[in-house]
There are 2 protein chains.
Amino acid sequence: MFKATVIIKRRPTILDPQGKAVEQGAKLLGIDNVSQTRIGKYIEFYVNTDDKISADNEVKIYCEKLLSNPIMEDFEYSLEKI
Amino acid sequence: MFKATVIIKRRPTILDPQGKAVEQGAKLLGIDNVSQTRIGKYIEFYVNTDDKISADNEVKIYCEKLLSNPIMEDFEYSLEKI
């Protein structure tokens, strides 16, 4: 079995309105020094196989087809044998 | 200046309906081996100060007051001097 950790980020050239909104809230609370907040996803799951290559393939398909939006996001992942 | 990276996860005891939903989609696509998908947030931003302690404080307040939901989420962060 593997534990997979996936990080999904918007491409740097694409605006992040959610991050912008949170940052405006921060200014109102007196948190003045933060800038360029960008909000992505951090996803954890288990892959129920002991074969590294097939785990790798399955994670890649999961990321491409469901977890990330290929138009505007990039993903990276790591697998840890458990 | 510091670059901050924050990871926000739901507490392990709290259900993650979003992860459950994505996982059901995975089964329909033939991705059968994934389980216990949990979706958190991965947030990056800059802190415009050179003092490590005040950067630390500001990130902590930002996380507690805006980025995370203290009722059901935990956060961890790291700071990197740039």
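Just so it is clear, the values below take in all heavy atoms, side chains as well, and ignore hydrogens, waters and symmetry mates. To find a chain, count down the sequence lines: A is the first, B the second, and so on, and within it residues start at 1.
- Side-chain contact check for Lys9(A) versus Glu44(B): some heavy-atom pair is nearer than 4.5 Å.
- Of the listed residues (Asn33(A), Asp16(A), Val6(A)), the one with the most heavy-atom contacts under 4.5 Å to chain B is Asn33(A).
- Enclosure of atom CG in Leu28(B) by more than 12 non-hydrogen atoms of other residues, nucleotides or ligands within 6.0 angstrom is indicated.
- Here the options are Ile39(A), Val34(A), Val22(A), the test is side chain to side chain contact (heavy atoms under 4.5 Å, CB included), and the partner is Phe45(B); only Val34(A) passes.
- Tyr42(A) is not listed as a side-chain neighbour of Lys41(B), based on a closest heavy-atom distance of 4.5 Å or more.
- Grouping the Ile, Leu, Val, Met, Phe, Trp and Tyr side chains by contacts below 4.5 angstrom, directly or via other members, places Val47(B) with Ile43(B).
- Within residues 65-82 of chain A, the residues having any heavy atom closer than 4.5 Å to a heavy atom of chain B are Lys65(A), Leu66(A), Leu67(A), listed by residue number.
- Under a 3.5 Å cut-off, the side chain of Glu58(A) and the backbone N or O of Asp32(B) do form a donor-acceptor pair.
- When heavy atoms are compared at a cutoff of 4.5 Å, Ile31(B) approaches chain A by way of both its backbone and its side chain.
- Of the residues considered (Leu29(B), Ile7(B), Thr37(B)), Thr37(B) shows the highest number of contacts with chain A, using heavy-atom pairs under 4.5 Å.
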